[in-house]
**Q** 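Take a look at this one; I'll ask things after.
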There are 2 protein chains.
Amino acid sequence: MSADELDPEDRKFLAGYDPEAYERLSVAVDVALVTVIDGRLRALTVKRPEPPYRGWQALPGGFLGVDESPERAAARVLADKTGLEGVYLEQLYTFGEPGRDPRTRVLSIAHYALVPASRLSKAPGPGSQLAELVVSWEGEEGGPAGVVIDRAPRRLAFDHARILGMVVQRLRGKIAYAPVGYELLGDTFTLRELQEVHEAILGRGMSKPAFRRRMLATGDLTATGEMESDVAYRPAELYRFTGRPG
Amino acid sequence: MSADELDPEDRKFLAGYDPEAYERLSVAVDVALVTVIDGRLRALTVKRPEPPYRGWQALPGGFLGVDESPERAAARVLADKTGLEGVYLEQLYTFGEPGRDPRTRVLSIAHYALVPASRLSKAPGPGSQLAELVVSWEGEEGGPAGVVIDRAPRRLAFDHARILGMVVQRLRGKIAYAPVGYELLGDTFTLRELQEVHEAILGRGMSKPAFRRRMLATGDLTATGEMESDVAYRPAELYRFTGRPG
DNA sequence: TTAATAGTGTCTCTGAGACACTATGTG
DNA sequence: CACATAGTGTCTCAGAGACACTATTAA
């Protein structure tokens, strides 16, 4: 089939598929590492050592290798920066407005990772922070996340506050119908800890009896028969997530 | 600040941000144009005029220009193929596994567009089809969509069935908390038409009184006082969407 | 009048919050 | 024993399905 046999519509279609007609682009991955500490959502940020935005806090990121899937690249970036492996990781959104990076045109495939606070070393690496996320419910419309470091509001480099806003929005949307949140807890956990995670994600308190009923009714939880220890009051039973993982 | 002042951790970080250390990639956009006809979800597919998958049905797509945002590129592809402008368009997911395109490494930023059936010409262009989407509720876990053309199941090129599966999954997730579906209807519509759209997306029937109550309770609808015409039975009142658009 | 659909009133069921209560660990 | 939290029983309320009914138009 030569091109002469095609009608104009199909010729236009073919042109649109010619890779040589379009320049190749730099593609990066950014990773929002999210955890819950003291009932609050937090995300890892790192200090940028070079322009643009030198000295600002930013999400860890890196460039996508030619033979690397976006998810693998995100996992590599995360492992390089934190040493964490086997973390729950999900693609979020691709940011590609020309001009979002002042240097050159860079496409960024944003991801988010969920990890229990217990797996994070107490002291983040040099220049790293665990920034608190403050997202009003209006953030549901896609607004940027407020970011608080050491009790002071901070601005993030690039459009990274917007990325964090979308992360929280995504978590809030998923938690309504999917077993989200277990990635933020250890292997076993109490129902109180699970409720704290839900409250941190949704940004509001919930009634204890209703929460217990709803969680146990999903059938995704199995009581281990063991109790938590190291508490100065009545220990709670430990549960394990045994449902279909999200 | 020279690189010698940086500690090893930051040097690794810098290397990860060096654009020259990574090859640039071809980036495409694919668009799933979705509509509802006869109470069924349908998506536009076009026949591929060239290898790979020559002759197969595929989603319309094209390459991303260097100074073009992904959304703009998707709108351009859609306008080129269908002549439609001002359509509701949203980014879905970026597919980037090496090997998903047998020719070369191509990243594809998938989008979906929602358009009322009335805006689609009765006869799709040459090689175009309006394929019916069949997605079981298990598709919620992300499985591919079944695609039916002229009552026969069809396979789509590349991973496009998976893209359509994610589109339906996304619509089902959003419709639970956001005013989704009005983009699939005209400026005014009856509650019965709105219910048909919801039933098409969710893949199940719903009770009429409960649906009416729920929709009217959102406050997003305004009765126009006008009635539909051209029906052989009692005409229904026409409503207009006046809430915050999704 | 018949047919077909629009639109509504009511009952019931389910799921969640509020509240109060009992249970069980530490000191 | 006091105290703090775990865990539960019960009431109430809001939202949704089921069902039956009335309303309105065309033929």
Side-chain angles (χ1 to χ4, degrees), chain A residues 38-39 137 172-173 175-181 185-186 188-241 243, chain B residues 36 38-39 137 172-181 185-186 188-241 243:
Chain A
D38 297 333
W137 255 105
R172 285 176 178 173
I175 208 172
Y177 66 91
V180 172
L185 294 166
T188 62
F189 47 86
T190 68
L191 289 176
R192 174 65 195 159
E193 289 170 328
L194 181 59
Q195 184 170 352
E196 269 175 9
V197 165
H198 279 242
E199 290 176 343
I201 290 175
L202 293 173
R204 61 184 175 88
M206 312 177 68
S207 116
K208 180 173 66 163
F211 182 81
R212 294 177 59 89
R213 270 189 312 235
R214 183 157 46 92
M215 287 300 119
L216 294 174
T218 62
D220 291 345
L221 293 180
T222 307
T224 64
E226 296 173 9
M227 299 287 160
E228 65 180 335
S229 51
D230 303 327
V231 287
Y233 42 80
R234 172 176 173 183
E237 183 162 17
L238 292 171
Y239 286 79
R240 192 184 305 275
F241 176 71
Chain B
V36 173
D38 296 333
W137 254 105
R172 285 177 177 172
K174 273 196 88 166
I175 209 172
Y177 66 90
V180 171
L185 294 166
T188 62
F189 47 85
T190 68
L191 288 175
R192 173 66 195 157
E193 290 171 328
L194 182 58
Q195 184 170 352
E196 269 174 10
V197 165
H198 278 242
E199 289 177 343
I201 290 174
L202 293 172
R204 62 185 175 86
M206 312 177 68
S207 117
K208 181 173 63 162
F211 182 81
R212 294 178 59 90
R213 270 189 311 235
R214 183 156 47 92
M215 287 300 120
L216 294 174
T218 62
D220 290 345
L221 293 179
T222 308
T224 66
E226 296 174 9
M227 300 287 159
E228 65 180 335
S229 51
D230 303 327
V231 287
Y233 41 81
R234 171 176 174 184
E237 183 163 16
L238 293 171
Y239 285 80
R240 191 185 306 275
F241 175 72

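Predicted, not measured: the structure shown is a model, and the values here were computed from it. Quick note on labels: first sequence line is chain A, next is B, and so on, each numbered from 1.
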**Q** For the pair made of CE in Met215(B) and P in dA6(C), what is the distance, rounded to whole Å?
**A**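 Atom CE in Met215(B) sits about 16 Å away from atom P in dA6(C).
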
**Q** Using whole Å, what does the distance between atom P of nucleotide dT25(D) and atom CG of Asp230(B) come to?
**A**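 Interatomic distance, CG of Asp230(B) to P of dT25(D): 15 Å.
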
**Q** What is the separation between atom CZ on Arg204(A) and atom P on dA16(C), rounded to the nearest whole Å?
**A** 11 Å

**Q** Any heavy-atom pair between the side chains of Leu221(B) and Phe189(B) that's under 4.5 Å?
**A**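 A side-chain contact under 4.5 Å exists here.
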
**Q** Expressed in angstrom and rounded to an integer, what is the separation of Arg192(A) atom CZ from dT8(D) atom C1'?
**A**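 Roughly 17 Å, once rounded to whole Å.
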
**Q** Considering residues at least two apart in sequence or located in another chain, which fulfil the ring-ring contact (aromatic ring centres under 6.0 Å, His included) criterion with Phe211(B)?
**A**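 By the ring-ring contact (aromatic ring centres under 6.0 Å, His included) rule, Phe211(B) matches His198(B).
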
**Q** Under the side chain to side chain donor-acceptor pair (under 3.5 Å) test, which residues partner Glu199(A), sequence neighbours left out?
**A**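 Side chain to side chain donor-acceptor pair (under 3.5 Å) check on Glu199(A) returns Gln195(A).
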
**Q** Take nucleotides 18-26 of chain C nucleotide by nucleotide from the 5' end and write B, S or -, depending on whether a protein heavy atom sits under 4.0 Å from the base, only from the sugar-phosphate, or from neither.
**A** -B---BBBS

**Q** Would you indicate, yes or no, if dT8(D) has its OP1 or OP2 atom less than 4.0 angstrom from a side-chain nitrogen or oxygen of Arg212(A)?
**A**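 For Arg212(A), the contact criterion (side-chain N or O under 4.0 Å from OP1 or OP2 of dT8(D)) is met.
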
**Q** Mapping Gly205(A) and Leu191(B) onto DNA chain C by nearest heavy atom, which one lands closer to the 5' end?
**A** Leu191(B)

**Q** Taking only residues two or more places apart in sequence or in another chain, which ones pass salt bridge (charged side-chain N to carboxylate O under 4.0 Å, His left out) with Glu196(B)?
**A**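 Glu196(B): salt bridge (charged side-chain N to carboxylate O under 4.0 Å, His left out) contacts with Arg192(B).
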
**Q** Would you kindly give the CG-to-P distance between Leu216(A) and dA6(D), to the nearest whole Å?
**A**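 Roughly 14 Å, once rounded to whole Å.
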
**Q** Which pairs with one or both residues in residues 229-240 of chain A pass salt bridge (charged side-chain N to carboxylate O under 4.0 Å, His left out), sequence neighbours excluded?
**A** Asp187(A)-Arg240(A)

**Q** May I have the distance from Arg214(B) (atom CZ) to dT8(C) (atom P), rounded to whole angstrom?
**A** 17 Å

**Q** Excluding sequence neighbours, so at least two apart, what forms side-chain contact (heavy atoms from CB on, under 4.5 Å) with Ala232(B)?
**A**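 Ala232(B) satisfies side-chain contact (heavy atoms from CB on, under 4.5 Å) with no residue once adjacent residues are dropped.
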
**Q** Rounded to whole angstroms, how far apart are CZ on Phe211(A) and P on dG7(D)?
**A** 13 Å

**Q** Measure CD/Glu237(B) against P/dT8(C) and give the value in whole Å, please.
**A** 9 Å

